[in-house]
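Letters A, B, ... mirror the listed sequences (proteins, then strands); counts begin at 1.
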Protein chains: 2
Amino acid sequence: MLGHTAAATRIAKIPTTAGLRSALAAGMQMTLSKGEELFAQGDEAEYFYEVVSGAIRSYKLLSDGRRQIDAFHLRGDIFGLEAGREHRFSAEAVGDVQVVAYRRSRLSAIIEEDAAFRDRIMTATLRNLQRAQDHMLLLGRKTAQEKLATFLLDMAERLSDDEAHFDLPMQRSDIADHLGLTIETVSRTLTQFTRSGLIRLTPAGRSIGLCNRMALKSLDA
Amino acid sequence: MLGHTAAATRIAKIPTTAGLRSALAAGMQMTLSKGEELFAQGDEAEYFYEVVSGAIRSYKLLSDGRRQIDAFHLRGDIFGLEAGREHRFSAEAVGDVQVVAYRRSRLSAIIEEDAAFRDRIMTATLRNLQRAQDHMLLLGRKTAQEKLATFLLDMAERLSDDEAHFDLPMQRSDIADHLGLTIETVSRTLTQFTRSGLIRLTPAGRSIGLCNRMALKSLDA
DNA sequence: CGCCGTTTTGAGCCTAGTCAATGTACGTGG
DNA sequence: CCACGTACATTGACTAGGCTCAAAACGGCG
């Protein structure tokens with residue numbers, strides 16, 4: 001039904017470098033290559049993560065394979081912290097990725113001792129919630145054009161310095177499963193944007209230039 | 001375009017009773033009647049809230065009036081806590097509601113001193129995030145039938161003791177704006193469920209009995 | 001009893017999905 | 001260096017699920 005592929009391989013959770021954030025909030029740095037799975041829905045939530053470089057997609061699946069990517073996590077984002085014992089969604093590397101893993105069992109100790117780290121966790125969690133709320137509005141109420149416009153502006157803000165040009169780390173099927181569309185609709189809408197002079201696409205389709213941010217903003221509703 | 005009505009009136013934020021949770025986590029109890037607004041998107045986020053009884057809808061609007069209700073908050077739910085200074089969504093009473101308001105400015109003090117309350121806040125926030133993630137899957141990838149099946153099972157779990165019979169606090173337009181559908185589709189799908197013997201609807205359409213939870217579960221995907 | 005808000009039902013349409021084919025970039029090995 | 005294979009993206013023709021517009025039915029309440 002949907003463009004879901006991702007034959008991800010499980011990665012051994014072995015730290016490559018030991019990064020130190022603070023005495024207690026020690027994190028293990030790890031590297032994942034394209035498509036590798038960080039954790040799967042149902043896995044014990046022993047760690048939570050911070051992205052150092054690259055992009056992580058976190059997603060849920062329906063029994064028949066339909067996929068919803070609820071977020072792309074980029075540099076600085078913290079994710080994978082759970083209220084319960086198990087991860088409620090899966091997470092994979094979109095391209096090559098570096099993350100820092102924090103032990104959840106140490107969380108209460110960290111929170112008790114390190115006020116700054118506690119604030120970061122709380123703020124990051126609240127920001128994830130905010131993003132989720134914005135995204136529910138997009139999924140439930142925006143048209144395909146509006147969805148793509150919102151997505152492009154968001155990616156420009158998060159990926160580029162000049163807000164005008166950036167390289168998408170993910171492929172069309174990821175975008176489709178994030179926006180609740182099909183790859184065909186994503187492709188068609190981007191072509192339409194190109195023809196209208198809103199954006200400029202490189203042949204490979206991964207590099208994007210925003211030519212008319214005003215028009216995109218107005219499509220964003 | 002959508003079934004959005006809600007001519008909500010602003011409520012004066014005056015405590016009716018003073019409820020005490022713990023020495024520091026003092027909350028003001030307040031009562032709202034049907035349709036009253038607790039706060040609006042853009043308001044300063046001076047308080048966050050816990051539902052004592054009734055239901056709160058929290059939602060976002062697009063410029064043309066399209067509405068997405070991202071959550072219904074029922075007894076025990078905590079909501080309205082923000083990372084920034086402003087509320088990122090609006091909140092209204094679905095019916096008559098009692099809530100407890102906590103001052104956000106006291107939050108850091110509370111967190112510092114009261115470990116149990118801190119855990120409740122953190123857990124509540126993480127649960128809100130989990131609910132949001134589940135709901136994104138619903139909005140992005142489920143059919144109308146699946147959406148309604150999921151919704152009914154969720155409401156049964158949260159509203160009824162026997163998980164078989166309950167009264168919906170909200171009207172069709174609320175359900176529609178929560179599930180990313182129109183009121184017509186909600187109504188048609190419920191009629192269809194009734195004809196298939198999955199549920200039983202009282203004339204008013206607000207009281208619902210689940211006759212075949214198995215079948216609903218399988219629709220839930 | 002009659003009004004008003006809400007829900008239900010009906011008919012037709014449109015946006016996005018499905019199915020299928022073609023095009024393009026890139027890596028591999030002869 | 002080029003032929004080939006694979007994965008990804010684009011385009012086209014057609015379909016369908018859910019939306020729109022419209023009207024009728026229903027329930028609650030003054």
- [ ] Taking only the side-chain nitrogens and oxygens of B/Thr182, find out if one of them lies under 4.0 Å from OP1 or OP2 of D/dC19.
- [x] yes
Task: B/S/- contact track for nucleotides 7-13 of chain C, protein heavy atom under 4.0 Å - done: SBBBB--
Task: Charged N-O contact under 4.0 Å between A/Arg213 and A/Asp220 - done: no
TODO: Round to a whole Å and report the spacing from CD of A/Gln145 to P of C/dC14.
DONE: 16 Å
Task: Side-chain (A/Lys60) to main-chain (A/Arg88) donor-acceptor, under 3.5 angstrom - done: yes
Task: Donor-acceptor contact below 3.5 Å, side chain A/Thr123 vs main chain A/Arg120 - done: no
TODO: Might you confirm whether atom CZ of B/Arg200 has over 12 heavy atoms from other residues, nucleotides or ligands at distances under 6.0 Å?
DONE: no
- [ ] Please check if any side-chain donor atom of A/Gln145 sits under 3.5 Å from a side-chain acceptor atom of A/Thr143, or the reverse.
- [x] no
Open item on the list: Looking at A/Arg104 and A/Glu46, is there a salt bridge between them, counting it only when a charged N and a carboxylate O are closer than 4.0 Å?
Closed with: no
Task: Spacing between B/Arg66 atom CZ and D/dG18 atom P, to the nearest angstrom - done: 18 Å
Task: Inter-end axis angle, the helix from C/dC1-D/dG30 to C/dG30-D/dC1, with every axis fitted to five base pairs (rounded, 10 degrees) - done: 30°
TODO: Evaluate the criterion salt bridge (Lys or Arg N to Asp or Glu O under 4.0 Å) for residue pair A/Arg131 and A/Asp70; output intermediate values, then yes/no.
DONE: CA-CA 9 Å; A/Arg131 287 228 179 93; A/Asp70 54 81; over 6 Å; no
TODO: State whether the number of non-hydrogen atoms from other residues, nucleotides or ligands found under 6.0 Å of A/Arg75 atom CZ is greater than 12.
DONE: no
TODO: Starting at atom CD of A/Gln192, determine the distance to atom P of D/dG12, rounded to an integer number of angstrom.
DONE: 13 Å
